[in-house]
Structures are given as C-alpha cells and as structure tokens.
Amino acid sequence: MQTFLEEIRAAIEAETGIQSPKLETPRDLAMGDVAFPCFVLAKERKAAPPKIAADLEAALNARMERVTAKATGPYLNFTIERSSFAETVLSEIAEHGMCYGTSAEGNGQKIVIDFSSPNIAKPMSVGHLRSTVIGAAIQRLHDALGYETVGINHIGDWGSQFGKLVAAVNRYGDTVDLEGDPIPALLALYVRYHEEEEGDPALVEEAREAFRELESGVDGPVRQTWKKLTKLSLEEFGKIYTRLGVSFDLIRGEAFYEPHLDETVDRVVASGVTEESEGALVVDLSSFGKIPPCLLRKTDGTTLYATRDLAAVFHRWDEFQFTRALYVVGGDQRLHFRQLKHVLERMELDWEPRVEHVDFGMMRLPEGKMSTRKGRVVFLDDVLDAAAAEAAKVIAEKNPDLADQAAIAETVGVGAVVFNDLKRERVKDIDFRLEEVLSFEGDTGPYVQYTHARLASIERKAGDVDAAPDWSVLESAAGILGQMGRFPDVLRSAARNAEPSELTTFVLSLAREVNSWAAKERVLGQEPAVTAARLALVRGARQVIGNSLALLGVGAPAEM
RNA sequence: GCGCCCGUAGCUCAGCUGGAUAGAGCAUUCGCUUCCUAAGCGAGAGGUCGCAGGUUCGAAUCCUGCCGGGCGUACCA
C-alpha cells in the first residue's frame, strides 16, 4: 500500500512542488482509491481547482506506472492498477501473517499503563470492565508497535474504609462464608457495618483504630486480616482476568506506595510549591484557572488519594523513565488528574506532558450512576455468564453439530461483552442495557467472529491450491484490499490516541465489506487461477480480522 | 454558582489534522438458502448534523454565546 502512496506523492511533488501532499480517500470507491484535492493550488496558480485538476491529469499519468489519475471536479482521483494492488497487499499480509500491521517503531520506549484497578473487597462491576478492557487493548496496541509496555494494576487496597472492613470482619466475620465466596461476603460485612455504625459510635472508633494500626505498619492482627482480605480478593479478580484474557506485569496496590508517602511529600515541599491552608498542606493551583488546590496532608496529618497517586507517579518515573504514562481511569476523575499534572507542572518537571489521563465515559444504569454501596450495580461475572449462555443457545440452534460448544460459547459470549465495551469512542457515557450486550447481530463482536469463522471454513475446505492466482478477478474486492492496506495506519493511530474504538470501527467495516463480497463471489470450484486469487483474499482478510480481534482481546474461533 | 465532558436518522454510533450528493448497525417494510456457516446478503423508508452567530473559496468538523444531558467541585477513593 505504502509503495503506491509514495508513487502518487512523488508524482504530485514533482509536478506541483508541494512537499508530502495531503491525500484523502474518495467518498466513493468507484471514483478511485486515493484523492488529491486541488484547492490548495488555487491561490498560487490563480485558477479554479477543477481546471487545475484537469491540467495536471496528463502530466501525472506520464509520471506513474501502476496508478491512473483522473480529474473529477476539483479533485484528482487515483486508481491503483487492480492486479498489482491485490498482489502487493495480499503478499504483504501472507508474508507477515500474525505480525501484519505491527512494526518496531516504538523502538523499546517504555509505556506505563495503569488500568483495571479494582477495589479490594468489592465485586467487579461492568463499570470496572471498561478500564480493564480498554487498558489491555491499549497495552497490546503499543506492544504491537514495538514499545516496551508495563501494565500495572493499581489495586485500591488502602484507605480508611479498610479500617472499617477489618473491624467488620472482627465483629461479624463468623456470620459469612469468607473463604468460599469472599467478595459477596465482604460486601455484606461492609454494608452491615456501614449501617450499624450510624447508631453506634463505638463502631466508628473501632474502624478508625483499625486503620490507624494498619497505617502504623505494625504487623499485628489487623494487618494479618487485611492481607487475608487482599489475597482472597485478588484470587477472585484473577478468575475474571482469566476469562477476559487479561494479565498484568505488576500488581501494585496503593499500599505498595505507602512507605514512600513521606518522601513524596518531602519532594513536593522541597520544590517550594506547597503552602498551608486551613490547617492542611496543599499545592495551590489557582494559576491554572478555577481549580481547587491539591491536598497532600489533611489537618490530622494523614495523606490522601492525591498523595498516593503522586507517590506512584514519582516511583514510576524513577523506575521506568517512561515515554508515556497512561492512566486508564474513568472521566469522573478528570479533575483529580488535572490537579496531579498541575502539581508536576508547578514542580517544573519536564516529563509532565508524558502523563496522560486516558479517560472514559461512565457506565450508567437507567436508574442512574452505579453505586456499590447503594446496591445499584451489575456484576461483571453475571454479565459474562449471561452472554456465554446466550451464545450457547444460539450455537445449539444454528450449529448443533459443532464440537467443543461450551468453550466456543464462552469465547463468543465474552467476546460480545468485550467488543461492545470497545466499540464506541472512549469518552462517551454508556447506558448499560443487557439486551444490547446480548445482541449478536450487526455491529457486534460475534458478527466479526462469525465472519472470521466463515472465512476460516472456506480455507479449510479449499486445502492447498497451487495455481498461479489471476489477480484481475479481485477487481470487485478493491474496497477490501484498500481497507487491509490501511491496517498498519489504523494500529498506529489507535495507539497514539489510546483509542481502541478506532480498531473496532475498522474491523467492523472490513467484516461488512468481506461479507458483502463473499455473498457475491464464490471461491471454491472455480478455474484454479480464480480460486487461487480469491482464496488469497480470504486468507488475507481472515488474517487481518484475526489480528484485529487479538489486539482487542476478543477470541477469533475458526468455527462457531 | 463555577469547571470539565457529551449533543449527528425513532434508538446506538461512524464521519481521519475543515473539502465532492452526511454513512453504518438496531428497530421497521420488502426480497434472497439445489452452492464455501442466514450470527449472513440485497433493497425501501428514515437527517433543520442541539440552537444562534463568526472565521473560510468551503464548516457536522475550527472560534464565541446560548440550550439540553452527564460528571465533578479542599481534608472519600
């Protein structure tokens, strides 16, 4: 693909003197594969764009071998010679296989990605799914481009609520099945304690005392209980991560940074940007607009969320000297990250721009924002189960002879949930609707998986074909070839923007074109040269769809 | 109140750093299976791109104001 674009650019450059001219994609494929709008030349040539286009046509054609230029109104549209286009794109895909689209341009630069980050003792809701799935996709995208990535799960395992939790376990621990089904048990304890402390100040004090002991670092019974809770929770989270195919390079809770809090505060103080306000230690941010100050220490001397995040970002910088540090955290924390970055700015740390809040829209229920405490949540496990069950039902109905149905139902069901979460632009809020997640038609993960399975099926049935392909029969597949040729650019852009939806949009559109083509053109049982060419297209398309799904963290079954 | 984010077809969304008649999916109407998986394909209908100004040869795209929704707004995370 690149080779054709270079040929076109070189010709335009030689004719007009424009350095690396901006090329577009025509609205309709029938017009051409690439377009050059001539408006930019209007002033300099003192002529109307349509005239310029017409004037340039012949000269450009004389300079290009495999591309034809045609003036259409103010545009010059370029059509790449079909056969060499098909051959070039498909052989490139065949050569690189699973690596098609990847590159080494990242050159080992370090990218730190903070994602998932659930809270201990709370069940993962469909809200946590967003960070997990978006973060994992962003990590894979960067991996594919040759960056060295560090995925960090910044577990919420610290804070005053853990005092409450430990106290609750001490008081009521015997009433629930902690070992067997820890998360709901812990949640029940937490909610009960929360309710009962309203009428009993002793409980409030007990919780406070427990957290004080926890923070003191004493390895006593409180810390033992906390460690046990952490371990039980992580084991539960691990089950979901396994289902989602997600893993982390580092699992570091907030507690990990606990020993670094004093030195963090010292570091900020030493830079001279702190001040005391209403008894608290703060960094004033009013020079950046109407932003409340960032609090480092409360009146009682203890630290806050912001302090711990500062400790984390310093630690990560010292350890990795990252090119980017991406925080895949919900949009409700935009202010927090703006404050964090402004503190770094005030400290005049030149790496501040490398810290990015990769924010995403809130997952909402029809009744409003999700809230664990208010019992207004949808548990991720339940959604994954429901999706897998729905997939199993569809398989039983449409493909009853399929082997290994349970495993494929899991792949399809989980794929539907993951894809659904990645398919729109990150920043958009989502109203969670189960029936939408369980829909397998149209713009969905299973639609793409199904396309992949059908292509794989054709490949299986074709076996080996050794005839020389007649590339000219792929005339009708120009749209597919064009899309596949763009794939490396899509990866690059999706990674740069930390926007997996660019990839879902791409693969949906590719799948749609492939299905449309496959409905018209038959692969098997044609002249050998025809079958060979079409089969090459099927292989290429299956490869690109498979590569896309892999990057998104969606399984690509060969049958379903 | 103030700040940030979002506002494109009945619903869910694409529309790349402004460019050629605004595109998909769902739902809806109609059609397609002696042939590679109908979780599919084709066709019809459906739009004052929230509103009003501005910049520009050209604005869904950039700027300003307003309206609607979401999130947040100093000792929770």
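Lettering of chains follows the sequences in order, A, B, ..., and the numbering in each one begins at 1.
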With 3.5 Å as the limit, what N/O pairs link the protein to nucleotides 24-29 of chain B?
unit_1 : atom_1 : unit_2   : atom_2 : d
B/G25  : O4'    : A/Asp443 : OD2    : 3.4
B/G25  : O2'    : A/Asp443 : N      : 3.1

Give me the distances for all protein-to-nucleotides 1-3 of chain B N/O pairs that come in under 3.5 Å?
unit_1 : atom_1 : unit_2   : atom_2 : d
B/G3   : O2'    : A/Arg338 : NH2    : 3.2

Close N or O pairs between protein and nucleotides 15-18 of chain B (under 3.5 Å):
none

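Closest contact between the side chain of A/Tyr447 and the listed nucleotides B/C6, B/C71, B/C41 involves B/C41. Distance from the side chain of A/Val282 is smallest to B/A74 among B/C41, B/A74, B/A77. Among the nucleotides B/A77, B/A20, B/C13, the one closest to the side chain of A/Ala35 is B/A20.
Counting only residues at least two apart or on different chains, the salt bridge (Lys or Arg N to Asp or Glu O under 4.0 Å) pairs with a member in residues 486-500 of chain A are A/Glu105-A/Arg492, A/Asp489-A/Arg492. Listed by first and then second residue, the salt bridge (Lys or Arg N to Asp or Glu O under 4.0 Å) pairs involving residues 435-453 of chain A are A/Arg424-A/Glu436, A/Arg433-A/Glu436, A/Asp443-A/Arg512 (not counting sequence neighbours).
A distance-only check finds a donor-acceptor pair linking the side chain of A/Arg346 to the backbone of A/Asp284 [under 3.5 Å]. Of the possible polar contacts, one joining the A/Thr505 side chain to the A/Ser501 backbone as a donor-acceptor pair under 3.5 Å is found. Remark: side-chain polar atoms of A/Thr531 are paired, donor with acceptor, to backbone N or O of A/Val523 under 3.5 angstrom. Side-chain atoms of A/Trp226 never come within 3.5 Å of backbone atoms of A/Leu165 as a donor-acceptor pair (strictly under, hydrogens ignored).
Taking the ring-ring contact (aromatic ring centres under 6.0 Å, His included) definition, one finds that A/Tyr327 meets it with A/Phe337, sequence neighbours left out. Applying the salt bridge (Lys or Arg N to Asp or Glu O under 4.0 Å) rule to A/Glu527 yields no partners; only residues at least two apart in sequence or on another chain are considered. Applying the ring-ring contact (aromatic ring centres under 6.0 Å, His included) criterion to A/Tyr447, with sequence neighbours excluded, gives no partner residue.
Residues from residues 525-538 of chain A lying near RNA chain B, meaning a heavy-atom separation below 4.0 Å, are absent. Listed in residue order, the members of residues 299-307 of chain A having a heavy atom less than 4.0 Å from RNA chain B are A/Thr299, A/Leu304, A/Tyr305.
Spacing between atom NE2 of A/His194 and atom P of B/C76 amounts to 14 Å, rounded to whole angstrom units. In this structure, the CG atom of A/Asp359 is 9 Å from the P atom of B/C5, given to the nearest Å. The distance between atom CG of A/Leu402 and atom P of B/A39, rounded to the nearest whole Å, is 13 Å. Taking atom CG of residue A/Leu455 and atom P of nucleotide B/G40, one finds them 14 Å apart after rounding to whole Å. In this structure, A/Lys520 atom NZ and B/A43 atom C1' are separated by 13 Å, rounded to whole Å. Rounded to whole Å, the distance from CG on A/Asp429 to P on B/G68 is 18 Å. Atom CG of A/Leu508 is separated from atom P of B/G23 by 19 Å (rounded to the nearest Å). For A/Glu499 and B/C6, the CD to C1' distance is 14 Å, given to the nearest whole Å.
Residue-to-nucleotide contacts include no donor-acceptor pair under 3.5 Å from the side chain of A/Asn399 to the base of B/A38.
Nucleic acid contact for A/Arg433: sugar-phosphate only, since backbone atoms but no base atoms lie under 4.0 Å from a heavy atom of the residue. The residue A/Ala391 sits apart from the nucleic acid: no heavy atom pair falls under 4.0 Å. Using a 4.0 Å heavy-atom distance criterion, A/Pro293 is classed as a base contact. Residue-level contact check: A/Arg424 touches the backbone only, with heavy atoms under 4.0 Å from sugar-phosphate atoms and none from bases. Using a 4.0 Å heavy-atom criterion, one finds that A/Pro49 contacts no nucleic acid atom at all. Within 4.0 Å (heavy atoms only), A/Ala456 reaches no atom of the nucleic acid at all. Across all strands, A/Leu295 comes closer than 4.0 Å to base atoms (heavy-atom distances). Looking at heavy-atom distances under 4.0 Å, A/Asn77 makes contact with a base. Among the heavy atoms of the strands lying under 4.0 Å from A/Ser516 are primed sugar atoms or P, OP1, OP2 only; no base atom is included.
For the side-chain hydrogen bond (donor to acceptor under 3.5 Å, both in side chains) with A/Asn497, the qualifying choice from A/Arg426, A/Glu502, A/Glu425 is A/Glu502, the only one to do so.
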Pairs of donor and acceptor atoms involving the side chains of residues 393-402 of chain A, under 3.5 Å and at least two apart or interchain, shall be tabulated with distances.
unit_1   : atom_1 : unit_2   : atom_2 : d
A/Asn399 : ND2    : A/Met560 : O      : 2.7

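Residue A/Arg308 places at least one side-chain N or O closer than 4.0 Å to OP1 or OP2 of B/A77.
Of the C1' atoms belonging to B/U8 and B/G23, the separation is 11 Å, rounded to the nearest Å. Across B/G46 and B/C66, the matching P atoms stand 36 Å from one another, rounded to whole Å. Comparing the P positions of B/G44 and B/G25 gives an interatomic distance of 12 Å, to the nearest angstrom. Comparing the P positions of B/C71 and B/C13 gives a spacing of 16 Å, expressed to the nearest Å.
Between A/Ile120 and A/Leu186, every side-chain heavy-atom pair lies at or beyond the 4.5 Å cut-off.
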Take A/Asp114 and A/Arg252 through the test salt bridge (Lys or Arg N to Asp or Glu O under 4.0 Å) and record every step on the way to the result. CA-CA 10 Å; A/Asp114 179 308; A/Arg252 283 181 181 168; over 6 Å; no

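Scanning both residues, A/Leu29 and A/Gly479, for their nearest heavy atoms gives CD2-N, 3.3 Å.
Taking a pair as Watson-Crick or G-U with both hydrogen-bonding distances under 3.5 Å, the stems of three or more pairs touching RNA chain B are B:1-7 with B:67-73, B:10-13 with B:23-26, B:28-32 with B:40-44, B:50-54 with B:62-66.
Glycosidic conformation of B/U33: syn, with the torsion inside 90° of 0.
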